[in-house]
K.L.:
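Starting off with a structure, shown below.
Numbering of residues begins at 1 and proceeds along the displayed sequence.
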Amino acid sequence: MKLVRIIIVFWLVALSAASVASEIVNIHLEPNTSRNIGGVTKFDRTQFITLHESFGSSDLTNEDLQYIEYELEAEFGRDGGLVSWLARDIPADSNNPDMPDVGKIKELFAPKFNGKSDQLRYKPNHMRNVILCTHPEIMHGHIHNKSLAWGPRTAEATAEYTAQMLKWAFTDENRPLAIEVYNEPFVKAKKIPTTIEEMSEQHNVVAKRVKELNPNVMVGGYSAAWVEFESGDWNNWNNWQKKFMDIAGENMDFWSYHIYDGVNVMGTPRSRTGSNSEAIMDIIDTYSHIKFGVAKPLMITEYGKIPAGNMSTMPYSEERSAGMLYSALGQLMTFMDHPDRLMRTVPFILGKASWTYNMTKDYVPGEANPYLLWRRLADGKTYVKTDLMKFYSFWKGVKGDWRYTSSSNPDVRVHMLADTNRLSVIMMNLDGSSKQLSLKGLQEVKTDSVVLRSLTTNVATPVLAEKTLQTIPDVFDLEAGEIVLFQVNLKKTAQVERTLKEHRVYATDYLKDIKGGEPITFKFKQVPTGKGNAILRLSPARKLGKQPLPTEIKINGTPLTLPTNWAGDDQKGRNMFYGMVELQVPMQALKDESMVSLTYPDDGGKIASAVLQVNRMEN
């Protein structure tokens, strides 16, 4: 993140690298303060430590599955092919050729995943957590669809198959509890061909039928591939995400989208890690709250980095894998701030994915897809591990309850977990320059031992290392793109003495135009007050070259200090800066009904969303 000074005419970037590198970042750790995040107090590995594979991944051997579960301690995350693969076996109804044969679904699917819980892949707790989705090119119902014997030529045909498949292929114990109607449908609409409106309406038809037959299954979407909401003067937001929420939102149990650094679908390379990914989440939450009275939960069902070449096979590169590790780890460190909002997050990291070798006509033996945990060598049968394994190896053994932390620099992300007599302190530097950390809050903690685990990503070869320390350091150097884990083994358990509970309050309006010299206001109702601390999460969207933050901003008349830094980079490569910036808010300035007012010196852009995060002392 490059520091910037706000001035009247333009945005001045770039302090010298030397001054950035010499910055001391204060890390505040409170092992005795429970962090209650919207009601969530425990770190859930099934929520965050996942991979884009499932029980349907037949190319994973039992040995592979054991390695994933016991060595990597990772969870199945998502399956994008099973639903459409199974559909190929179903004939049309002889009495209604535009519908699938339900009798055949019962006959063929009943034995599919029943009575196999003795096999590792079919353990009910693994299967339940898998998010199912399917290919719209095959399963979107339209009159010209000839993918299957029965089309599908209508939304009702797709809905009937989906609902019956979920009912008969699984038991109540192992049935996946979430399904996205389609995978990345809107970017494929013209090719199918269909419209955004028709695809959104089909989400309604499928959701209603699925829940009629499977009331415990959550249905969501639209599994967005391209969340560049600000694109085309917010046409992407208005014509895709907002339109979907307006048409299908009432029947959706969750919203889902994909987020990548690199080039996603179109455009020039750019980064979303940090402020941009936070702004995307906040605008969806805010509009959901305005439209439905609740910020419905989110699933991020693919994330990471898209390298040059994307899904093509290519020669292996340790440096490319290092960059992919940076994006996946950096995004996860921000996602972990929202366990109450994000039902599941799934990095796009595949197992062996043998199907990827058939995606190109000019395949060269020995080359492989860049997203794999195991890649195939030129002999066509030997598999070796890739550096993406290090994503999971870093998180091995990490568990516990959330404890409160803070960082004076939003580029240095920090989390702390307490598990009986162990504290896990995780920190990552999202910036391109090293930082010197001053660790405060653990000086009085009595330890038996301290283990430091580190993973470098801003390098030619990612290195995962571990060593034992004598004590917890007071000062620590964190390299660019480095993530570290301090496992602090205590002489006695860190008891909870107080609780900070995080409350989210969404403004009653959003997407407000910026006009020079004219105040922009946001109203917040039912704001918690009391002791603690608060943050205003402000998401400006302005052309690069204009100052991203206002000249002044107040809450209930109290001026707020304008920050000079935010998480992530300066968003070069985009036409517009769009990111969430945190402003510290004095608790005494809050009222039950609070008003934020801000002013810019010139016209242009929007304030996409404003969210108050109140961390209130509950006891």
Side-chain angles (χ1 to χ4, degrees), residues 54 56 79-114 127 130-172 174-186 188-223 243-244 247-253:
S54 88
D79 190 305
L82 182 72
V83 174
S84 52
W85 293 339
L86 292 177
R88 298 178 192 277
D89 295 331
I90 304 303
D93 186 331
S94 58
N95 296 317
N96 186 352
D98 286 338
M99 294 295 284
D101 186 330
V102 174
K104 204 66 175 176
I105 292 176
K106 295 179 184 179
E107 177 187 335
L108 292 178
F109 287 2
K112 277 290 179 188
F113 306 116
N114 299 333
M127 296 174 67
V130 171
I131 306 160
L132 295 179
C133 68
T134 191
H135 301 289
E137 303 96 317
I138 299 172
M139 295 302 299
H140 178 70
H142 63 96
I143 194 169
H144 300 296
N145 196 344
K146 299 179 181 179
S147 300
L148 307 167
W150 40 277
R153 288 177 281 275
T154 64
E156 288 73 20
T158 300
E160 192 65 26
Y161 164 75
T162 306
Q164 296 286 358
M165 178 273 301
L166 283 166
K167 179 177 177 62
W168 296 104
F170 304 97
T171 67
D172 290 342
N174 67 19
R175 182 177 295 109
L177 295 179
I179 183 168
E180 297 169 294
V181 175
Y182 298 126
N183 176 58
E184 300 185 345
F186 290 3
K188 301 161 185 173
K190 289 183 179 179
K191 183 179 178 181
I192 284 177
T194 186
T195 66
I196 304 303
E197 290 82 0
E198 288 176 351
M199 283 187 152
S200 298
E201 288 290 0
Q202 289 209 19
H203 277 72
N204 282 329
V205 178
V206 172
K208 290 176 182 178
R209 186 58 176 150
V210 164
K211 286 187 271 194
E212 283 174 359
L213 298 187
N214 309 275
N216 293 332
V217 175
M218 295 177 293
V219 183
Y222 64 97
S223 183
K243 181 171 287 186
F244 173 78
I247 294 174
E250 197 67 47
N251 291 302
M252 293 297 101
D253 299 306

K.L.:
With a sphere of 6.0 Å drawn around CD of Glu197, does it hold more than 12 non-hydrogen atoms of other residues, nucleotides or ligands?
P.N.:
yes
K.L.:
State, to 0.1 Å, how close Ile138 and Ser84 come at their nearest heavy-atom pair, and which atoms those are.
P.N.:
CD1-CB, 4.1 Å
K.L.:
Quick check: do Thr194 and Gln202 have side-chain heavy atoms less than 4.5 Å from each other?
P.N.:
no
K.L.:
Are side-chain heavy atoms of Phe186 and Ser200 found at a separation under 4.5 Å?
P.N.:
yes
K.L.:
Any idea which heavy atoms bring Asn251 and Lys208 closest together, and the distance?
P.N.:
ND2-CE, 3.5 Å
K.L.:
Rounded to the nearest 0.5 Å, how far apart are CD1 of Ile143 and CG of Asp98?
P.N.:
8.5 Å
K.L.:
Measure the spacing between OG1 of Thr162 and CD1 of Ile105 and express it to the nearest 0.5 Å.
P.N.:
9.0 Å
K.L.:
Is any side-chain heavy atom of Asp89 closer than 4.5 Å to one of Lys104?
P.N.:
no
K.L.:
For Pro97, is there any backbone N or O sitting under 3.5 Å from a side-chain donor or acceptor partner on Arg153?
P.N.:
yes
K.L.:
If I compare all heavy atoms of His135 with all of Gly81, which pair ends up nearest, and what's the gap?
P.N.:
NE2-CA, 4.0 Å
K.L.:
So Met252 and Val219, do their side chains get closer than 4.5 Å, heavy atoms only?
P.N.:
yes
K.L.:
Counting N and O atoms only, with roles assigned by atom type, does the side chain of Asn216 sit under 3.5 Å from a partner on the main chain of Leu177, one being a donor and the other an acceptor?
P.N.:
no
K.L.:
Check step by step if side-chain contact (heavy atoms from CB on, under 4.5 Å) holds for Arg209 and Thr158.
P.N.:
CA-CA 10 Å; Arg209 186 58 176 150; Thr158 300; over 6 Å; no
K.L.:
Please report the shortest heavy-atom distance between Glu156 and Met99, naming the atom on each side.
P.N.:
O-CE, 3.8 Å
K.L.:
Give me the one residue out of Leu213, Val83, Ile179 that meets side chain to side chain contact (heavy atoms under 4.5 Å, CB included) with Leu166.
P.N.:
Ile179
K.L.:
Report the distance from atom CD1 of Ile247 to atom OH of Tyr222, rounding to the nearest 0.5 Å.
P.N.:
11.5 Å
K.L.:
Hey, could you give me the CG/NZ distance between Asn214 and Lys167, rounded to the nearest 0.5 Å?
P.N.:
7.0 Å
K.L.:
Going through the distances and angles, do Gln164 and Ile90 end up as a side-chain contact (heavy atoms from CB on, under 4.5 Å)?
P.N.:
CA-CA 11 Å; Gln164 296 286 358; Ile90 304 303; over 6 Å; no
K.L.:
Are side-chain heavy atoms of Glu198 and His142 found at a separation under 4.5 Å?
P.N.:
no
K.L.:
Between Leu86 and Phe113, which heavy-atom pair has the shortest distance, and what is it?
P.N.:
CD1-CE1, 4.4 Å
K.L.:
Can you tell if the side chain of Val102 reaches within under 4.5 Å of the side chain of Asp93, non-hydrogen atoms only?
P.N.:
no
K.L.:
Determine whether Val217 and Phe170 make a side-chain contact, defined as any pair of heavy atoms from C-beta on separated by less than 4.5 Å.
P.N.:
no
K.L.:
Return the CD to NZ distance between Glu184 and Lys188, rounded to the nearest 0.5 Å.
P.N.:
5.0 Å
K.L.:
Between Phe244 and His203, what is the ring plane arrangement, given parallel below 30°, perpendicular above 60°, and tilted in between?
P.N.:
perpendicular
K.L.:
Please round to the nearest 0.5 Å and tell me the distance separating atom CG of Asn96 and atom OG1 of Thr154.
P.N.:
8.0 Å
K.L.:
Looking only at non-hydrogen atoms, find the nearest pair between Ala92 and Asp101 and report the distance.
P.N.:
O-CB, 3.9 Å
K.L.:
Do the side chains of Thr134 and Tyr161 get nearer than 4.5 Å, heavy atoms only?
P.N.:
no
